[in-house]
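See below for the structure under consideration.
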Number of protein chains: 2
Amino acid sequence: MKPKQRLPDRKSKVTIREVALNAKVSETTVSRIMRNEGPISEETREKVMKSVRELGYVPNRIAGALASLNTHLVGVIVPSLKNIVFPEVLRGIQSGLKGNHMQAVISVTEYDLATEEEMVRGLLAWNPVAVLVTGLTHNEATSRMLRQSLGRVVEMMEIDAEPIDAAVGMSHRSAGYETIRHLLTKGYRRFGYVAHDIGPDRRARLRHEGMVQALSEAGLGFIAESRAETPSSVGIGKAMTARLLERAPDISVAIYSNDDMAVGGVFHCMETGRSIPSDLAIFGFNGLEIGQQLPQPLSTVRSNRFLIGRTAIEQILNDKERPGSPVRVDTGFEIVDGATA
Amino acid sequence: MKPKQRLPDRKSKVTIREVALNAKVSETTVSRIMRNEGPISEETREKVMKSVRELGYVPNRIAGALASLNTHLVGVIVPSLKNIVFPEVLRGIQSGLKGNHMQAVISVTEYDLATEEEMVRGLLAWNPVAVLVTGLTHNEATSRMLRQSLGRVVEMMEIDAEPIDAAVGMSHRSAGYETIRHLLTKGYRRFGYVAHDIGPDRRARLRHEGMVQALSEAGLGFIAESRAETPSSVGIGKAMTARLLERAPDISVAIYSNDDMAVGGVFHCMETGRSIPSDLAIFGFNGLEIGQQLPQPLSTVRSNRFLIGRTAIEQILNDKERPGSPVRVDTGFEIVDGATA
DNA sequence: CGCGTTTCTGGTGGCGCTACCATCACGGTA
DNA sequence: TACCGTGATGGTAGCGCCACCAGAAACGCG
């Protein structure tokens, strides 16, 4: 009597049992060899590896994860893939993962906290070793899940508030503040602000808050602000610059919500024959390559995005357990004194 | 006698059993409710969902996957995240996945086929529903694994050769060919070529081959080529343009391996006071936003990257089984007759 | 030579869930 | 009344692997 067939015959599936039988050792031994664990004689190892190759055995990680309660999986949640910023964070993550036989499961929220909740729930169902999320703001359910989850939780990009477990990033508030301080030092007094839809982009809002504070301490404020209701892009940067200059033609410097927008500002000036920075100075945020390669390198703030991803992974590799109290790692930022401001 | 403790107490883990006990139904019923499957009375459903909420139950997908042999996981392998091209493919993938409670596991090869092999092996160990890889060229072991794997395999970006299961993308060879035809029609005869390191970038090589073929049919060839040995970037595009013009100052049009490089070419011309296209015409590849927002929109070829990712997912959702013979889906391309050529 | 100690190998009970079969109540139909 | 279909629920044997315990064999060491 042949064994009951539960599911369609998944071809001739090779399990650890087949390998063990073929090599005439126990399943335990095969398992240990596959995991490079415990003392194994060279002879046995070779015998088993021969069977592994012959049979084309690929260990089933699902079963392994269930038995060992360890998945080697890292959940990653980023808000967007529309510009190069988060892919760079992902690159940092991938570079840190490499060689640790860990794998990243990636989800994108489109800056929506309800979507984030759904993604977090989906990720936690895989019992990941760690979850890397973006930002320190989540909805109630998400925060609860992350707090109660068993693995590490790293909140990336910001460090302006208290994290659940660990935060790796920079202070966007001080970046905004220092931007204004820098521009004040350079003599600018008539400020304009150009932004994409910063409703959902909390970090852009924090930078703006930092700017407003520094301006207010100097007895100043933005003369005009022009904000789009769409995500950032070079095109939107152009359009919003045009609108800003219509409303307030006499500003001396325009600060942008990020470099994509600022590059749009530069292109607008090129098209309308304004000289930068004499007619209008331009200041961005992120320090993207494109900005630095413009005929006049963009003045901006370098955020270390690759480093943030990399450091986030290092945090969880260095310490599998949550620290006693939440940790913040500052990856810093740097004012890039380019040629546009 | 308390039960044997196999592993450190994972806090008070809530399993389907706890929910079943709490709601006074069987595990089977809870399982069915969690999966929205089979007939369930409204009364029972509510009773169970109440317990689920009270206990904060999150189904363990690992166990579910092991029992059902279905993971709802899609493995994705891309060569790079250094420019915006592959993130756009990923966006297409994520958009197709959304609402199908599927998840993407993403790996990056850095254009290295041995790394690709390692990543494929790692992904297959998770029994994914499908694996999406980039390109049609793999090493021997990778091809074998993909061919023998049980799920769907979609090779993205190219359709110039025979796929394993399905290919979604465009013909890079004809894109190159049509580029030259287009430029010949516009009267250009003195061609230069500027590239990043196209050793590992097979698709850039295919485009180049198509160009060479079209040129040769017209009794022409590239007067000069300038190739870097680094990945593409705006900066490298600038530098290679400078080198090209040193060697062959009399070319009338420079064709670039992609838009990043071409934008570098545009910036070089701006810096050196060359007018585009009269002194030098410039032609890229990809149709990135940045190119279209330049003061003069870049002449280029639009590759539909979001669509490729999206279509790849649709392929595997529409048909869980491999087709009888390999399928190729052409997402097309479009010559963008901009202002730079 | 006796007795630890180290090195290597094996048996097996779950991990948490779902596929598969059974069961039971109920209503409609011949 | 007998029978069948349908809706709703339950019991349980694995899925493939690994943690845990054992045990055998080879190796020092006084």
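The shown structure was predicted, so the numbers you read here are calculated from the model rather than taken from an experiment. A note on names: the letters A, B, ... follow the listed sequences, proteins ahead of strands, and every chain is numbered from 1.
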- prompt: With the sugar-phosphate defined as primed atoms, P, OP1 and OP2, and the base as all remaining atoms, what B/S/- string results for nucleotides 4-9 of chain D, 5' to 3', for protein heavy atoms under 4.0 Å?
  reply: ---SBB
- prompt: Charged N to carboxylate O below 4.0 Å: is that the case for A:Glu321 and A:Arg152?
  reply: no
field: A:Ile16 backbone acceptor or donor facing A:Ser31 side chain under 3.5 Å
entry: no
query: Is B:Thr15 touching bases, backbone alone, or none of the nucleic acid, heavy atoms closer than 4.0 Å?
result: sugar-phosphate
- prompt: A:Asn70 has an atom CG; how far is it from atom P of D:dA19, in whole Å?
  reply: 9 Å
B:Ser41: partners by side chain to side chain donor-acceptor pair (under 3.5 Å), with sequence neighbours left out: B:Thr44
Could you run down the sub-3.5 Å N/O contacts of the protein with nucleotides 25-27 of chain C?
none

- line: Note: B:Ile316 and B:Ala130 closest approach over all heavy atoms is CD1-CB, 3.6 Å
task: Round to a whole Å and report the spacing from CG of A:Leu69 to P of D:dC17.
output: 16 Å
- prompt: Below 4.5 Å, heavy atoms only, C-beta onward: do A:Pro163 and A:Arg328 meet side chain to side chain?
  reply: yes
- request: Would you mind reporting whether B:Glu140 and B:Glu117 have side-chain heavy atoms less than 4.5 Å apart?
  value: no
- prompt: For residues B:Asn139 and B:Thr142, is any side-chain donor paired with an opposing acceptor at under 3.5 Å?
  reply: yes
Nearest to side-chain heavy atoms of B:Lys13, which nucleotide of C:dG16, D:dG16, D:dA19: C:dG16
- request: Indicate whether any N or O donor in one side chain lies under 3.5 Å from an N or O acceptor in the other, for A:Ser26 and A:Thr29.
  value: yes
message: Which residues in residues 48-57 of chain A have a heavy atom closer than 4.0 Å to any atom of DNA chain D?
response: A:Tyr57
field: side-chain N/O A:Ser31 vs D:dC17 OP1/OP2, d < 4.0 Å
entry: no
field: Residue pair B:Lys82 / A:Glu88, side-chain heavy-atom distance below 4.5 Å
entry: no
field: B:Lys50/B:Glu54 ion pair, N-O < 4.0 Å
entry: yes
Heavy-atom pair with the smallest gap, counting every atom of B:Leu66 and A:Ile62: N-CG2, 3.7 Å
- request: Quickly work out the A:Ile16 CD1 to D:dC17 P distance and round it to whole Å.
  value: 5 Å
message: Whole angstroms only, please: what is the CD1-C1' distance between B:Ile62 and C:dC15?
response: 10 Å
query: What distance do B:Ile313 atom CD1 and B:Ile93 atom CD1 have between them, rounded to the nearest 0.5 Å?
result: 5.5 Å
statement: Sorted by chain and number, sequence neighbours left out, side chain to side chain donor-acceptor pair (under 3.5 Å) with A:Arg144 holds for none
query: How close or far is atom C1' of C:dC17 from atom CG of A:Asn127, stated in whole angstroms?
result: 13 Å
query: So which heavy atom on B:Gln103 is nearest to which on B:Leu97, and how close?
result: C-CD2, 4.3 Å
message: Between A:Glu37 and A:Arg32, does any side-chain N to carboxylate O distance fall below 4.0 Å?
response: no
- prompt: Phosphate oxygens OP1/OP2 of D:dC18: is one of them under 4.0 Å from a side-chain N or O of A:Arg61?
  reply: no
query: For the pair made of CG in B:Leu124 and C1' in D:dG16, what is the distance, rounded to whole Å?
result: 17 Å
Watson-Crick and G-U pairing of DNA chain D written in dot-bracket, each distance under 3.5 angstrom, with | for inter-strand partners: ||||||||||||||||||||||||||||||
query: Between D:dC15 atom P and A:Leu66 atom CG, what is the distance in whole Å?
result: 13 Å
Closest to side chain of B:Ala67, choosing from D:dC17, D:dA19, C:dT18: C:dT18
query: C:dG16, D:dG11, C:dG11: which one has an atom nearest the side-chain heavy atoms of A:Thr28?
result: C:dG11
- prompt: In whole Å, what is the span from the CZ atom of B:Arg35 to the P atom of C:dG16?
  reply: 17 Å
message: Check this one for me: any side-chain N or O of B:Arg17 less than 4.0 Å away from OP1 or OP2 of C:dG16?
response: no
- request: Kindly point out which of D:dC18, C:dC17, C:dC15 is positioned nearest to the side chain of B:Glu27?
  value: C:dC17
